[in-house]
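This report concerns only the one structure given below.
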2 protein chains.
Amino acid sequence: MENVPDRPAESSRPADTRGQADREFVGGLARGLAVIECFGTDAPELTLTEVAARTGLTPATARRALLTLEALGYVRQNRRRFVLRSKVLRLGAAYLSSMNLKDLVQPQLQALNARFGDASSLTVLEGNDVVYLAHAAMEKRERRLRQSVGSRLPAHAASTGHVLLAHLPDPARAAYLAQAPFPSFTANTPTDAATLQALCDATRANGHALVRDVIEYGVLALAVPIRDAAGRVFAAINCSADSMRTRDEEMLATRLPALRAAANEIGEALARFPALAHSTGI
Amino acid sequence: MENVPDRPAESSRPADTRGQADREFVGGLARGLAVIECFGTDAPELTLTEVAARTGLTPATARRALLTLEALGYVRQNRRRFVLRSKVLRLGAAYLSSMNLKDLVQPQLQALNARFGDASSLTVLEGNDVVYLAHAAMEKRERRLRQSVGSRLPAHAASTGHVLLAHLPDPARAAYLAQAPFPSFTANTPTDAATLQALCDATRANGHALVRDVIEYGVLALAVPIRDAAGRVFAAINCSADSMRTRDEEMLATRLPALRAAANEIGEALARFPALAHSTGI
DNA sequence: GAAATTATTTTCGCAAAGCAAAAAAATCAA
DNA sequence: TTGATTTTTTTGCTTTGCGAAAATAATTTC
């Protein structure tokens with residue numbers, strides 16, 4: 001389900017680069033972004049050689065990218081190790097602030113949170129993950145899993161993921177499912193293509209997705225789609241409660257009408273600020 | 001206080017570009033990042049011409065950058081408007097996940113939150129802003145201002161901002177203060193250089209910063225520095241309470257010892273994962 | 001609708017950035 | 001220390017990408 005065109009930013013064999021050398025493609029930009037993304041939890045500090053290995057760039061090229069990023073303040077070099085700096089958060093902030101989420105969706109999520117005590121969030125699909133764009137939660141529960149804006153969850157293990165996968169165009173969903181099996185987090189995590197396809201079908205038929213103990217034991221979540229003016233699903237919102245204290249029927253009876261109402265209102269609000277809807281899709 | 005070297009990513013006069021043309025600087029990368037950052041709340045969707053105007057790039061160059069970003073999935077073109085896509089959040093996520101904050105600092109902040117009911121957060125300085133890297137809050141209060149990871153506040157109007165500015169090297173602080181006056185949010189917001197300098201001096205002398213109704217009426221916040229092994233301040237944590245219900249003395253008496261203890265523990269924890277400390281600084 | 005205006009795309013010569021490989025530095029072994 | 005290995009930086013040459021301006025396309029104005 002990669003929504004990225006086949007334009008490998010990095011290529012182990014530089015000869016490949018020729019083929020995609022449109023007149024309109026800035027290789028240096030693609031390479032630099034790959035360098036930023038190659039940092040991660042497992043790699044907070046990387047040497048030039050490590051960056052080159054992870055990105056498939058030659059050392060000379062990786063070095064140019066790192067020195068450029070350093071000159072711009074996105075990277076810092078300490079001895080021979082490179083580290084990302086907080087300035088990279090500006091890049092994500094440019095996206096989040098451009099979506100007007102604070103004004104348009106945060107109030108709806110907070111109302112759900114206040115009414116039911118559930119954590120409530122809005123997510124979109126990005127690659128194989130759902131990304132949290134807005135979130136409201138009472139954080140008094142000592143829950144292990146704690147989401148915040150910008151964080152990700154694998155789509156196959158999230159209620160909103162099921163909703164978003166269900167409304168993907170068939171070829172895109174097929175491409176996603178072709179990557180099965182997916183990692184399992186609990187005994188309830190759907191991991192194979194057939195199960196996920198069935199869940200998607202059910203989700204489309206029901207208009208909602210209810211998942212219990214799928215990403216983590218103790219989490220019961222209910223999600224519904226958000227549609228743009230043309231009826232296309234581009235985001236999903238959910239509520240998540242304690243699976244020990246809440247039965248499925250109760251969850252549906254109490255939360256579903258409120259979630260649907262909130263989804264409608266958010267859909268209408270975002271119709272007047274279509275940036276988010278425009279930013280998603282095939 | 002810009003921590004960015006004088007390397008204008010965009011230059012209205014292309015002739016300038018020569019001077020900075022090190023052999024090791026990838027202009028295309030700098031230009032592409034400038035294109036991403038030129039989107040914002042006021043500009044969720046931009047045309048090619050608007051991007052060119054905002055970045056100072058020529059239309060031809062802006063177009064190459066936008067088409068590259070589109071091919072990579074960071075940007076989407078709808079009709080003639082360009083929009084950022086959620087993939088740009090990967091760039092910030094690379095930073096956040098590389099800092100191991102979830103494991104090392106989140107528990108401390110949650111303990112503070114649980115004990116006092118205050119919102120508690122860890123921030124670093126980035127340009128003129130403090131950036132939230134971790135946050136714990138009971139979101140039941142219907143507070144207008146709601147922070148989350150990655151969000152920003154102007155340093156002159158934040159408790160952690162005062163702490164971080166106070167421990168800046170003198171020339172960096174002078175460069176920051178030279179930008180005064182700063183915008184005012186309440187009658188209590190310090191806006192001029194002299195006032196801010198005095199607040200910094202007091203903060204350094206006290207080892208903490210207490211601000212009341214500075215960013216917003218109703219917010220009372222107390223911040224303390226976090227130091228690395230060498231004693232250098234690279235981050236700050238704070239608690240923020242309801243300014244109506246809490247007097248200054250009470251805030252100091254109850255929160256300060258706990259904040260200092262948490263700051264010490266975080267400092268020690270991060271000494272073993274020095275990526276964050278290394279990522280900040282001059 | 002036609003004309004004027006504005007926006008986007010293409011073209012082209014020159015400068016910049018890519019790769020491969022060699023040279024230099026740094027690190028590691030003994 | 002010295003010598004072997006790895007990592008980083010430099011170099012020569014080629015390809016890519018930039019800016020200015022021309023050409024095309026889209027909007028707006030009348």
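Everything numeric in this text was worked out from a predicted model, so none of it was measured.
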Tell me: [atom1] of [X] to [atom2] of [N], nearest whole Å?
X	N	atom1	atom2	answer
Glu45(B)	dA7(C)	CD	P	17 Å
Phe82(B)	dA7(C)	CZ	P	14 Å
Phe25(A)	dT9(C)	CZ	C1'	19 Å
Leu57(B)	dA21(D)	CG	C1'	17 Å
Arg63(A)	dG18(C)	CZ	P	12 Å
Leu29(A)	dG17(D)	CG	C1'	12 Å
Arg81(B)	dT27(D)	CZ	C1'	12 Å
Glu24(B)	dA15(C)	CD	C1'	16 Å

Heavy atoms from C-beta onward define the side chain here; which of [options] lies closest to that of [X]?
X	options	answer
Arg64(A)	dA26(C), dT9(C), dG18(C)	dG18(C)
Pro59(A)	dA26(D), dG17(D), dT9(D)	dT9(D)
Arg80(B)	dA7(C), dA20(C), dT10(C)	dA7(C)
Arg31(A)	dC18(D), dT10(D), dG18(C)	dG18(C)
Leu48(A)	dT10(D), dA26(D), dT9(D)	dT9(D)
Val26(B)	dA17(C), dT10(D), dA7(C)	dA17(C)
Thr58(B)	dA20(D), dA7(C), dC18(D)	dA20(D)

Can you list the steps and then say if Phe82(A) with Tyr74(A) is a ring-ring contact (aromatic ring centres under 6.0 Å, His included)? CA-CA 10 Å; Phe82(A) 293 89; Tyr74(A) 295 100; over 10 Å; no

Closest to the 5' end of DNA chain C, once Arg79(A) and Ala65(A) are matched to their nearest nucleotides, is Ala65(A)

One thing to verify: whether Arg90(A) and Glu126(B) come together as a salt bridge, which I'm taking to mean a side-chain N less than 4.0 angstrom from a carboxylate O. yes

Cationic N near anionic O, under 4.0 Å, Arg63(B) to Glu24(A): yes

Listed partners of Ser184(B) passing side chain to side chain donor-acceptor pair (under 3.5 Å), at least two apart: none

Partners meeting side-chain contact (heavy atoms from CB on, under 4.5 Å) with Ala43(A) (sequence neighbours left out): Leu46(A), Arg54(A)

